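Predicted model only: the values in this text are computed from it and were never measured. We count ligands from 1, going down the list as the structure has it; atoms in each ligand are counted the same way.
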Amino acid sequence: MTPSGSTSVGSISNLFMRSSGRALAAPSILAADFGDMARCCEQAIRAGADLLHVDIMDGHFVDNLTMGPDMVKALRRALPASFLDVHLMVTSPELFVEPFATAGADHLTFHVEIAEPAPLRALADRVRALGKTAGIAINPPTPVEKLWPVADAFELVLVMSVNPGRGGQPFIAETLVKTRAVRERFGPPMRVEMDGGIGPANAGAVRDAGCDVLVAGSSFFGQPSEKWAEIAASLRG
Ligand code: DX5
Ligand code: ZN
């Protein structure tokens with residue numbers, strides 16, 4: 001514990017803190033079969049997925065509803081050792097930090113669009129006090145400069161490569177400029193994640209821009225499970 005009572009980054013050890021020097025393949029469970037979720041996720045991990053990306057939408061920050069802490073709890077029960085990366089596309093994430101942490105999330109990402117730098121930094125502290133890592137996400141229309149007053153407080157920057165709200169949208173190539181700018185500013189151990197429209201066809205360009213956590217929904221779970229090992233390998237490069 002630091003003098004302020006919060007957990008220091010150094011005392012947290014999770015997948016996002018242990019830089020292996022290689023990119024991570026992160027299937028988004030939004031594209032998985034909701035009627036067979038635990039089995040799908042177990043199979044994805046067996047196929048070589050490094051972690052599971054969990055998209056939370058509140059019908060307010062984006063016009064869609066997805067899932068909540070109970071899904072994370074169920075996944076944690078089914079997969080005690082898998083890394084759960086929770087992406088909060090919600091207007092009031094401060095309401096959900098403890099519920100998701102208690103449910104078993106390993107990492108929580110907030111959007112830079114929802115608050116001023118001071119409350120965002122306070123959210124990162126709250127997450128670390130619970131022994132988890134924190135990320136800050138940025139939407140395609142938001143200028144990259146909006147990240148600079150806050151990004152150093154986080155372990156991960158998530159550059160959205162589609163406008164959030166649903167899976168299966170085309171990759172917005174212009175967002176690679178933003179990824180490059182983030183990577184130029186922050187070397188490892190900062191993780192740089194991209195999310196939306198990513199698959200084997202553009203994974204190389206995404207990694208070349210400096211991204212080391214590649215989220216893939218429809219290009220992973222939308223394919224037959226026999227192909228998942230090959231897809232995970234090509235996301236990692
Ligand atoms: C978009 C979500 C993404 C989405 C990715 O709002 O944050 O994680 O599930 O899906 P694909 O890979 O299908 O674009
Ligand atoms: Zn996401």
Mark the output for G165 as yes if a heavy-atom distance to ligand 1 is under 4.0 Å, and as no if none is. yes
Which of the ligand 1 atoms, numbered from 1, are nearer than 4.0 Å to a heavy atom of M57: 6 (O)
What's the shortest heavy-atom distance between A124 and A153, and which atoms? CB-O, 3.5 Å
Using a strict cut-off of less than 4.0 Å between a Lys/Arg side-chain nitrogen and an Asp/Glu carboxylate oxygen, indicate whether D208 and R183 qualify as a salt bridge. no
To the nearest 0.5 angstrom, please state how far the CG atom of L30 sits from the OG1 atom of T66. 6.5 Å
Numbered atoms and elements of ligand 1 in range of H53, under 4.0 angstrom, heavy atoms: 8 (O)
SB check R22 D50 (cutoff 4.0 Å): yes
Which distance, rounded to the nearest 0.5 Å, do you find between the CZ of F154 and the CG of L147? 9.5 Å
Here's a test for you: under side chain to side chain contact (heavy atoms under 4.5 Å, CB included), which of D212, V157, L158 qualifies with R191? D212
Note: ligand 1 atoms sitting under 4.0 Å from heavy atoms of L30 are 9 (O)
For H87, atoms of ligand 1 separated by under 4.0 Å from a heavy atom: 7 (O)
Looking only at protein heavy atoms, which one is nearest to atom 10 (O) of ligand 1, and what is the separation? G167 CA, 3.6 Å
Do ligand 1 and S219 have nitrogen or oxygen atoms that lie under 3.5 Å from each other? no
Considering only heavy atoms, does A216 approach ligand 1 within less than 4.0 Å through its side chain, its backbone, both, or neither? backbone
Ranked by distance from atom 3 (C) of ligand 1, the top protein heavy atom is D195 OD1, 2.8 Å
How close does the nearest protein non-hydrogen atom get to atom 14 (O) of ligand 1, and which residue and atom is it? G197 N, 2.8 Å
Taking the six-membered ring for Trp, are H107 and F16 parallel (under 30°), tilted (30 to 60°) or perpendicular (over 60°)? perpendicular
Evaluating non-hydrogen atoms only, which member of G168, G217, A32 is closest to atom 12 (O) of ligand 1? G217
With rounding to the nearest 0.5 Å, note down the distance linking CD1 in I45 to CG in L75. 9.5 Å
If I take atom CD1 from residue I231 and atom OG from residue S225, how far apart are they, to the nearest 0.5 angstrom? 10.0 Å
Any atoms of ligand 1 less than 4.0 Å from a non-hydrogen atom of M89? List them with their elements. 6 (O), 7 (O)
Report, in ascending order of atom number, the atoms of ligand 1 lying under 4.0 Å from any heavy atom of M160. 7 (O)
What protein N/O/S atoms are found closer than 2.8 Å to the Zn ion (ligand 2)? H53 NE2, D55 OD1, H87 ND1, D195 OD2
Starting from atom 1 (C) of ligand 1, which protein heavy atom do you reach first, and at what distance in Å? R166 O, 3.7 Å
Please lay out, stage by stage, how V159 and C211 fare under the test side-chain contact (heavy atoms from CB on, under 4.5 Å). CA-CA 9 Å; V159 177; C211 168; over 6 Å; no
Distance filter under 4.0 Å to G196 heavy atoms, resulting ligand 1 atoms: 14 (O)
Closest approach of any protein heavy atom to atom 4 (C) of ligand 1, naming residue and atom: D55 OD2, 3.6 Å
Nearest non-hydrogen protein atom, atom 13 (O) of ligand 1: S218 OG, 2.5 Å
Looking only at atom types and distance, does a side-chain atom of R185 sit under 3.5 Å from a main-chain N or O of W148, one as donor and one as acceptor? no
Let me see the working for E155 and R128 under salt bridge (Lys or Arg N to Asp or Glu O under 4.0 Å), right down to the final yes or no. CA-CA 10 Å; E155 285 75 49; R128 275 192 297 276; 2.8 Å; yes
At a 4.0 Å threshold, what atoms of ligand 1 neighbour a non-hydrogen atom of P164? 6 (O)
Specify whether H111 and F61 have parallel, tilted or perpendicular ring planes, treating 30° as the upper limit for parallel and 60° as the lower limit for perpendicular. tilted
How are the rings of H53 and H87 set relative to one another: parallel (under 30°), tilted (30 to 60°) or perpendicular (over 60°)? tilted
Any salt bridge linking D55 with R166? Criterion: basic side-chain nitrogen under 4.0 Å from a carboxylate oxygen. no
